[in-house]
Amino acid sequence: MNDDVNEVRGFSSLSFRKVETNNPFAAGFTYHPHGTRVLAVSPDGKWIAFGGWDETIQVCELVEGGRSLTYRGHKDPVCAVCAIEWSPDGTYIASASSGEVTADIQVWEATSGQLVSLSRSDEEGVISLAWSPDSSHLAFGTGRSAVHLLKALTGELEFIYHGHTYHGQAVAMVRAVAWSPDSTRIASGGLDGTVQVWHASDGTSICRYLGHFGGVNAVAWSPDGTSIASGGDDKTVQVWNAGTREPICTYRYHSERVMVVGWSRDGQRVRSGSWDSTIREWDAHNGAHVALFTFPHLFEAKAMPLAWNLDATTFAMGLEDRRVAVADMVEGRFWQCRAPTTPVELLGQADKKQQESMRNSVRQGQQVKIWGGIEKEVVTYRGHTGAVKAVVWSPDNRFIASGGYDNTLQIWDAASGKLRSTCRGHLDPVVAVAWSPDGQSLVSGSLDTTARIWDFATSHLIADYRGHSAAISSLAWASSPSSSSPPNASRIASGGEDGTVQVWDVEKKVSLTYQGHRGSIEAVAWSPDGRFIASGGEDMTVQVWDATAGEAICIYSGHTGGVMSVAWSPDGKRIASSSDWGRTVEDDGTFGRDDTPKVHLWEALTGSNPVFCENDSHHAPILAVAWSPDGRFVATGDIFGWVQVYDAATGEAIARIFSHAPGQNQQPGAALALAWSPDGQRIAASFSGGLVYVWPAR
């Protein structure tokens, strides 16, 4: 982990390949029947340890071809969710195995596997483990309501804390333990629904928190030791004052039980992992949602172990076939790994003497196999000095044109982000850009009510259009007037705040005005054959009409907020449209927020069979939509800066691309525009913070 990272800002520019279910790991994959039941990530996020029913623990370096080690010190399965923990200094690993009547807690050197200490508990099962910040002590919670405190390097028991009960019974499983940053206090959470804070020196109680309805699965102290975050079976994460028990905020956006929680290094944000296959990041002071990461549907997290390192920057999820899925939130990588298969047949078939001879033994494994790693360069363009409202690819994939609130149209290399030319002349922000089909010209639309056409080779002004009486908000350049006519790339459609859509011919100097909307026009798009135009606006409708006669074909009224963006599918059969926040009228006459889906996919000429895309608990306004060139996917950009990719056939969320690039401290802001490259390999997105990012789309 880099020490110069002051704040983790979510999952950096992640892009996922949708893994096909038929033989998803073709190279070197061997199914292993002993599933991963417990996980731990090293403090620096570079190693992972995992164990299961085969009584072994494997330690793997998280790089392709990295080192691996198999530890065989236990006599029983290592299967409790929190039964492996890395010491904060990264030197040792503590692991626990649970038999029918006893449990072993072993401490061993992380890189050599040498046993350091061994202690045994006569209680049923070790459920949770936690190292003290100075790596000198271990606390572990059991299935019978107790927390044991040990000297880590000797295994000597110091005392046992009994405080959890379950509906008056003496037994309440202790699912989580955590040390305060100064090592003076311990927080424990249990099946009884309480979090208890007590002195690590003698076990005397400090306070008891009763905010959860159901068992508590995770607890974590803030870096300054004043607050605790706890997550539980009630699907909430709660932040509260560690001394007074006063609640600070409650986060309720998970749909399944919360299994892990962690704080950012500066204590401003909390991350939580749930059985709903998501990791969420949110403001620790007010519970405001900051980021969402969803594992691909191939990786079902329910009933699987979840883990992350000290700063909650590297997240791991165990899979039943001995693989581990890992996400690095700083570097923007996602991959799956599996250590070489452990020869567990000896443990099941050899006689007792052979088994005993293998205890506390270490085998240096083969190289670690990594699948599905995504660690591709993200191009960041910084040429604008204000918000970037428009972005579009050249037909040959080589260049990107962007328009911004600095009143300029800029053309730059899509591979390197190097500026090629700047077109100046607009008096107000450039909010719409379109490239001619032959790639020789560009048109820009501005809040100054004009549209200007520029020569790509020279950046000289060719012509301007002044037909609108108010600001132009959108532009589109037709590729062909009809399927039976020869190509004619001279028609441009523009929508404005004057409520009109105007179609004008660059060569013939003629125009058509469509006035079917009530209110400002926010988006226009041509059908691929150049016969129709779709337009959307603040009247919450998308209207499809004949581009020659101006006659309406259909009106789609499925949105409950103003339409922000429209895009025609490559085959011309469907339209994707997105909308702003809507409002609902409550029974008492007050207005409430409308939480209906904001992205609709529907049949272009009938408005029928809509498919709804929704994977955002905040139901954020979607400012931009774009189809993949093959028509299989739709990308969306929202007001919070997230870019989401959906399966166009089902509306299912495929991937979420986060807008903070590795090593960048600047906040990108809202995703204002999207463009999918003509070859389908990259996605460009522009943001209100003045940046344009280009990601690999696969």
| field | Distance in Å, Ile84 CD1 paired with Leu129 CG, rounded so as to fall on 0.5 Å steps | value | 9.0 Å
| query | To the nearest 0.5 Å, how far apart are OG in Ser145 and NE2 in His162? | reply | 6.0 Å
| remark: Sequence neighbours excluded, the answer for side chain to side chain contact (heavy atoms under 4.5 Å, CB included) partners of Leu149 is Ala139, Glu158, Phe159, Trp179, Ile186
| field | Validation row: Phe140, Leu150 side chains within 4.5 angstrom (heavy atoms) | value | yes
| message | Could you check, using the six-membered ring where one of them is a Trp, whether Tyr71 and Trp108 have ring centers closer than 6.0 angstrom? | response | yes
| request: Check whether any side-chain heavy atom of Ser183 sits under 4.5 Å from a side-chain heavy atom of Pro133, and report yes or no. | output: yes
| Rounded to the nearest 0.5 Å, how far apart are OG1 of Thr194 and NE2 of His212? | 10.0 Å
| said: Using the side chain to side chain contact (heavy atoms under 4.5 Å, CB included) criterion, which residues pair with Ser117? Sequence neighbours excluded. | reply: Val107
| task | Find out whether Gln196 and His164 are in side-chain contact, i.e. whether some heavy atom of one side chain is under 4.5 Å from a heavy atom of the other. | result | yes
| query | Would a 4.5 Å heavy-atom cut-off, applied to side chains only, mark Ser136 and Trp131 as touching? | reply | no
| task | Quick one: pull up CD in Gln106 and OH in Tyr92 and give me the separation to the nearest 0.5 Å. | result | 15.5 Å
| task | State, without any angle test, whether Trp240 and Ser230 hold a side-chain donor-acceptor pair at a distance under 3.5 Å. | result | yes
| Donor-acceptor contact below 3.5 Å, side chain Asn217 vs main chain Met259 | no
| Taking C-beta and beyond as the side chain, do Ile93 and Val59 meet within less than 4.5 Å on heavy atoms? | yes
| remark: Tested for side chain to side chain donor-acceptor pair (under 3.5 Å) against Tyr209, the lone hit among Arg245, Gln238, Glu246 is Gln238
| query | Would you say Asp283's side chain and Gly287's backbone share a donor-acceptor pair under 3.5 angstrom? | reply | no
| request: Could you check if a side-chain atom of Trp263 sits within less than 4.5 angstrom of a side-chain atom of Arg269, using non-hydrogen atoms only? | output: no
| Sub-4.5 Å side-chain heavy-atom contact between Arg175 and Val216 | no
| Just wondering, do Thr236 and Val258 contact through their side chains at under 4.5 Å, heavy atoms? | no
| message | Any donor-acceptor pair under 3.5 Å linking the side-chain atoms of Ser272 with those of His254? | response | yes
| request: Measure the spacing between CD1 of Ile206 and CZ of Arg185 and express it to the nearest 0.5 Å. | output: 6.0 Å
| Under 3.5 Å donor-acceptor, Glu61 side chain and Arg67 backbone | yes
| query | Rounded to the nearest 0.5 Å, how far does CZ of Arg208 lie from OG of Ser188? | reply | 9.0 Å
| Shortest non-hydrogen contact from Ser128 toward Ala176 | OG-N, 3.6 Å
